[in-house]
Amino acid sequence: MIGKAGEILRAGGLVAFPTETVYGLGGDALNAQSSQKIYAAKGRPSDNPLIVHIYRMEDLAPIVREIPQKAEALAKAFWPGPLTMIFEKSERVPLTTTGGLTTVAVRMPSDAIAAAMIKAAGGYVAAPSANTSGRPSPTVAKYVEEDLSGKIEMILDGGQVCIGLESTIVDLTVDPPMILRPGAITKEMLSEVVGEVSVDQTILRSDSGQAPKAPGMKYRHYAPKGDLTIIEGDRGKVCARIEALSKEAMERGLKVGIIGTDETVGNYHATSVKSAGNRADESTIAKELYRILREFDDEGMDVMYSESFDDGGIGAAIMNRLLKAAGHHIERL
Ligand code: AMP
Ligand code: MG
């Protein structure tokens, strides 16, 4: 299977594959036509750059202008893993792959299937998430098939992904390094290695109205078809408010979905109540969030209510995606 995937990629075709974050839609990163095919298959705006995936450190130097010392330190600490770094690009990377930018995003995934496939493809695989643009990223192969079947040559099925949210993106062309998208490698983890780390203000909780530095973050993304609202505040009050909103919407004949947690789902009544996971271990919530959003679509939910999550650790990434899915509809109690 890996050998065949490698052949397809070398010939300019597209292969979806598992990574530890979400499923990726891969094409040869150094082939402009392959990148074009990726944008077309996803319906992705062509100014939204792709991440170049490598499988070994020595393949980084040829595609970037320089490797800052802090990038070297971060690679040593977190590669292979869910960290994407932005560099000035070299001539070898086509502008189509970088959405017209002179910088390039690079990641080395830890997933064994991904690593083997990148190697078989010749070392450089451009891959955004393997979903139709605007939909939640796929965490199992079934959702890749739903979105992209017939539009790509092959899907490698590696079961459910481990993390469930896209990689942390850090810009290393500025100093201090700047987080452009939160993920499983948290600000705290990055700071431990390189000291001060800044955060692109546009990705924080309030809708700043400014253009984010990662072009992709400006698009509506991760969005379910129905209306999602996040309720935030004292836990007990949140539960009561969600329950009241659900009751009222159901009385109006709407189909209502609720995203709770293991600790709270027993208290809710709605058309569909789902636990995102356990508050004691927020990585469980990261892993299930996109599946839940997709299931609510399949179940035809008109409105959805979700509890909010804490900003520490991976909670920052969970809230970032949830806020985007909700179009920043949040009720603070
Ligand atoms: P996806 O792989 O679907 O998660 O999308 C890749 C994300 O990386 C998008 O949000 C892009 O805007 C972002 N990205 C890729 N390349 C760059 C770059 N050179 N500079 C800033 N952001 C980038
Ligand atoms: Mg994506």
Side-chain angles (χ1 to χ4, degrees), residues 19-22 24 49-57 59-61 63-89 101 103-111 114-115 127-129 137 161-206 208 210 212-217 221-222 281-287 289 309-324:
T19 80
E20 67 275 28
T21 57
V22 297
L50 311 176
I51 294 172
V52 178
H53 293 69
I54 59 176
Y55 75 98
R56 55 178 183 180
M57 195 59 192
D59 290 335
L60 177 61
I63 57 168
V64 303
R65 288 263 292 277
E66 60 165 339
I67 303 175
Q69 220 163 27
K70 287 182 183 177
E72 193 111 33
L74 289 174
K76 206 167 257 162
F78 302 116
W79 277 2
L83 175 69
T84 296
M85 290 192 272
I86 310 283
F87 301 89
E88 298 293 342
K89 81 173 193 69
L101 299 177
T103 53
V104 61
V106 187
R107 179 164 104 83
M108 189 191 296
S110 64
D111 183 277
S129 49
S137 300
V161 300
C162 186
I163 294 172
L165 297 179
E166 303 84 348
S167 59
T168 305
I169 301 180
V170 183
D171 187 352
L172 270 301
T173 68
V174 294
D175 198 32
M178 184 186 279
I179 297 176
L180 307 188
R181 178 174 74 184
I185 305 292
T186 63
K187 182 167 190 255
E188 296 81 0
M189 291 161 78
L190 296 166
S191 292
E192 248 175 60
V193 178
V194 293
E196 190 187 353
V197 172
S198 67
V199 180
D200 181 0
Q201 292 303 303
T202 66
I203 62 174
L204 297 179
R205 274 163 173 257
S206 57
S208 72
Q210 283 175 342
K213 298 207 163 49
M217 300 297 280
H221 202 185
Y222 326 114
D281 178 4
E282 287 198 328
S283 69
T284 58
I285 294 164
K287 193 166 171 172
L289 180 64
F309 299 94
D310 294 333
D311 273 332
I314 197 167
I318 295 169
M319 276 310 283
N320 170 261
R321 307 310 194 278
L322 202 54
L323 277 162
K324 291 195 67 156

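In Glu88, the CD atom is crowded: over 12 heavy atoms of neighbouring residues, nucleotides or ligands sit closer than 6.0 Å.
Shortest non-hydrogen contact noted between Ser198 and Pro176 is OG-O, 4.0 Å. Between Val199 and Met178, the closest heavy-atom pair is C-CG, 4.0 Å. For the pair Ile314 and Ala286, the tightest heavy-atom approach, listed with the atom from each and the gap, is CD1-CB, 3.7 Å. Of all heavy-atom pairs between Val161 and Lys287, the closest is O-CE, 3.5 Å. Heavy atoms only, all atoms of each residue included: Thr173 and Asp171 are closest at OG1-OD1, 2.7 Å. Residues Pro82 and Ile185 come closest through the heavy atom pair O-CG1, 3.6 Å.
Side-chain atoms of Pro215 and Leu101, non-hydrogen and from C-beta on, do get closer than 4.5 Å to each other. At least one side-chain heavy atom of Leu60 sits under 4.5 Å from a side-chain heavy atom of Ile54. Side-chain contact check for Ile86 versus Leu172: every heavy-atom pair is 4.5 Å or farther apart.
The backbone N or O of Ser283 lies less than 3.5 Å from a partner atom in the side chain of Asp281, making a donor-acceptor pair. Of the possible polar contacts, one joining the Thr168 side chain to the Gly183 backbone as a donor-acceptor pair under 3.5 Å is found. The closest donor-acceptor contact from the side chain of Asp200 to the backbone of Lys213 lies under 3.5 Å. Of the possible polar contacts, none joining the Arg321 side chain to the Ala316 backbone as a donor-acceptor pair under 3.5 Å is found.
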Step by step, would you call Ser191 with Glu196 a side chain to side chain contact (heavy atoms under 4.5 Å, CB included)?
-> CA-CA 6 Å; Ser191 292; Glu196 190 187 353; over 6 Å; no
Decide side-chain hydrogen bond (donor to acceptor under 3.5 Å, both in side chains) for Glu166 and Ser129; before the verdict, give the C-alpha distance in whole Å, the side-chain angles of both, and the deciding distance to 0.1 Å.
-> CA-CA 8 Å; Glu166 303 84 348; Ser129 49; 4.8 Å; no
Should Glu20 and Ser110 be marked as a side-chain hydrogen bond (donor to acceptor under 3.5 Å, both in side chains) after you check the CA-CA gap, both sets of side-chain angles, and the distance that decides it?
-> CA-CA 7 Å; Glu20 67 275 28; Ser110 64; 3.2 Å; yes
In sequence, state the C-alpha distance, the side-chain angles, and the governing distance for Val197 and Ile179, and then conclude on side chain to side chain contact (heavy atoms under 4.5 Å, CB included).
-> CA-CA 7 Å; Val197 172; Ile179 297 176; 3.7 Å; yes
Under the side chain to side chain contact (heavy atoms under 4.5 Å, CB included) criterion, do Val106 and Thr84 qualify, and how do the steps go?
-> CA-CA 5 Å; Val106 187; Thr84 296; 5.9 Å; no
Criterion side chain to side chain contact (heavy atoms under 4.5 Å, CB included) on Thr103 and Lys89, from CA distance to verdict | CA-CA 5 Å; Thr103 53; Lys89 81 173 193 69; 5.8 Å; no
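Within the model, atoms CZ of Arg56 and CG of Asp59 stand 4.0 Å from one another, a figure rounded to the nearest 0.5 Å.
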Solution key, residues 64-79 side-chain donor-acceptor pairs under 3.5 Å, sequence neighbours excluded:
from, atom 1, to, atom 2, distance (Å)
Lys70, NZ, Asp175, OD1, 2.8
Trp79, NE1, Leu83, O, 2.8

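Partner of Ile51 under the side chain to side chain contact (heavy atoms under 4.5 Å, CB included) criterion, out of Ser167, Pro109, Pro128: Ser167 alone.
With 3.5 Å as the limit, one finds a donor-acceptor pair spanning the side chains of Thr19 and Arg107.
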